[in-house]
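A short write-up of the structure that comes next.
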Amino acid sequence: MAHRLLSANRVNARIAFIFTLSLSCTYLFYNIIFYRSAVMTNQGYEGKPCPPSKSAGGKKLLGKLDNCASLEASSAAQRGSSHLQRITPAAAGGPWTDGNSKNMSIAQKYGNKKLPTALIVGVKKGGTRAVLEFIRIHPDVRALGTEPHFFDRNYDRGLDWYRGLMPRTLDSQITLEKTPSYFVTREAPRRISRMSHETKLIVVVRNPVTRAISDYTQTLSKKPDIPSFEELAFTNRSLGLVDTSWNAIRIGMYILHLENWLQYFRLSQMHFVSGERLITDPAGEMGRVQDFLGLKRIITDKHFYFNRTKGFPCLKKPESSSQPRCLGKSKGRTHVQIEQDTIEQLQEFYRPFNIKFYETVGQDFKWD
């Protein structure tokens, strides 16, 4: 009897041992599987970044890219959200260090393409390129470098096409573009107001006689065989009859173009920059531009120096560059010499237009 009990106990012990061993092996097996899966997931998506878009054109990659892109977008959104809480355009760097380039890279990574909230609409040969280049160094401004001519030549392409041209911006940044021909395009004010009634408009104006001569000088550099300035400017010079159909003359009749804009925009939405003061006091003029755009005055005297060769102010070099930033060779070119009698005749022609313009905008540009 005792022998039978001892044998039964041994059998039960073996069964218990085998059962315990089986449970332990099962537990160990599932732990190994779980750990391996986790490691491979991390290696697959963290150790191997998504292929760049330029190499993802083939259809065979679409399946892989879909999974990769969805995970990457989710991860980027999480990183971007926390990152943008720490970094804002104004805090991303000093006003004349690498701050602006840092802001650009942040905007390119986390920003969106938006329709511009401000436009430099004119005028040709007034100093619009200088204003654009100067305001672009502000960390809270992103500007399109080329002239899109959307509201005068490419309007039929639609706002989505126009938006697609814009640089990416953060919510705290201003999107801006420049096309000087807008100011003299009759349809432009109506079209811009349809985009947004609250668009801010910057108009860079200059003595209309000097502007016309600069305009002619530029055209002459491209077409050396055109008639003389006097031939183009007058229908009858002896009688002092000015040819207002010539574009170089027509642009300078600022008040006529302004009246068209005031049908769609309030005067308070427009800021007029003096092309002359932009040369003699760039910091002062850009300070007023920054005020108009609702920006902190970051662009100041320390950003400029006067280039005697070009006769224009240039931007001092940033710490990351070995060269100052000056406008291109076409800016500051020597004007064609015009007879003093011709200049006086044109000054007399423009005087009533200038006076009306001064009265309307509330600013004396002292062109007379």
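Sequential numbering from 1 along the given sequence is applied to the chain's residues.
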Cation over ring, Lys200 on Phe292, under 6.0 Å and within 45°?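 Yes, cation above the ring, under 6.0 Å and within 45°.
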
Does the ring of Tyr264 carry Arg190 above it, NZ/CZ under 6.0 angstrom from centre and within 45° of its axis? no

For Asp152 and His149, which I'm curious about, is there any donor-acceptor pair between the side chains at under 3.5 Å? yes

So, Thr175 and Thr169: side-chain donor and acceptor under 3.5 Å apart, yes or no? yes

Verdict with reasoning, Leu346 to Phe229, per side chain to side chain contact (heavy atoms under 4.5 Å, CB included): CA-CA 12 Å; Leu346 289 177; Phe229 179 84; 3.6 Å; yes

If you look at every heavy atom in [X] and [Y], which pair is closest and at what distance?
| X | Y | answer |
| --- | --- | --- |
| Leu267 | Val361 | CD2-CA, 4.2 Å |
| Asp243 | Ile249 | O-CB, 3.7 Å |
| Met166 | Lys114 | CG-O, 3.3 Å |
| Glu285 | Ser274 | OE1-N, 3.1 Å |
| Gly122 | Phe183 | CA-CB, 4.0 Å |
| Gly111 | Arg168 | O-NH1, 3.4 Å |

Any side-chain to backbone donor/acceptor pair from [X] onto [Y]? Under 3.5 Å, distance only.
| X | Y | answer |
| --- | --- | --- |
| Arg211 | Ala248 | yes |
| Thr217 | Ile213 | yes |
| His257 | Arg250 | yes |
| Asp281 | Gly284 | yes |

From CA spacing to verdict: side chain to side chain donor-acceptor pair (under 3.5 Å), Glu177, Thr179: CA-CA 7 Å; Glu177 73 106 329; Thr179 303; 2.9 Å; yes

Tell me, yes or no, whether the heavy-atom count around Lys296 atom NZ, taken from other residues, nucleotides or ligands under 6.0 Å, exceeds 12.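 Open: at most 12 neighbouring heavy atoms sit under 6.0 Å from NZ of Lys296.
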
Is it true that, when you exclude Gln337 itself, more than 12 heavy atoms of the residues, nucleotides or ligands shown sit nearer than 6.0 Å to its CD? no

Other than Leu239, which residues form its hydrophobic cluster under the rule that side-chain heavy atoms must be closer than 4.5 Å? Leu241

Would you say [X] and [Y] are hydrophobically clustered, going by side-chain heavy atoms of ILVMFWY under 4.5 Å?
| X | Y | result |
| --- | --- | --- |
| Ile202 | Leu144 | no |
| Trp261 | Ile120 | no |
| Val205 | Ile251 | yes |
| Val204 | Met286 | yes |
| Phe272 | Met253 | yes |

Is there a side chain to side chain donor-acceptor pair (under 3.5 Å) between Ser228 and Glu231? Walk through the geometry before answering. CA-CA 5 Å; Ser228 69; Glu231 290 178 79; 3.0 Å; yes

Check this for me, if you would: do [X] and [Y] make a salt bridge, where the nitrogen-to-carboxylate-oxygen distance has to be below 4.0 angstrom?
| X | Y | result |
| --- | --- | --- |
| Arg266 | Glu198 | yes |
| Arg237 | Glu230 | no |
| Arg297 | Asp291 | yes |
| Lys125 | Asp215 | no |

Arg142 vs Ile174, side chain to side chain contact (heavy atoms under 4.5 Å, CB included): CA-CA, chis, key distance, verdict: CA-CA 6 Å; Arg142 297 293 321 280; Ile174 290 174; over 6 Å; no

Holding to ring-ring contact (aromatic ring centres under 6.0 Å, His included), I want the full list of residues that pass it with Trp367, two or more places apart in sequence or in another chain. Tyr254, Tyr358, Phe365

From CA spacing to verdict: side chain to side chain donor-acceptor pair (under 3.5 Å), Asn354, Arg351: CA-CA 5 Å; Asn354 292 344; Arg351 184 168 288 110; over 6 Å; no

Should the pair Phe150 and Tyr162 be assigned to parallel (<30°), tilted (30 to 60°) or perpendicular (>60°) ring geometry?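 Rings of Phe150 and Tyr162: parallel, under 30°.
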
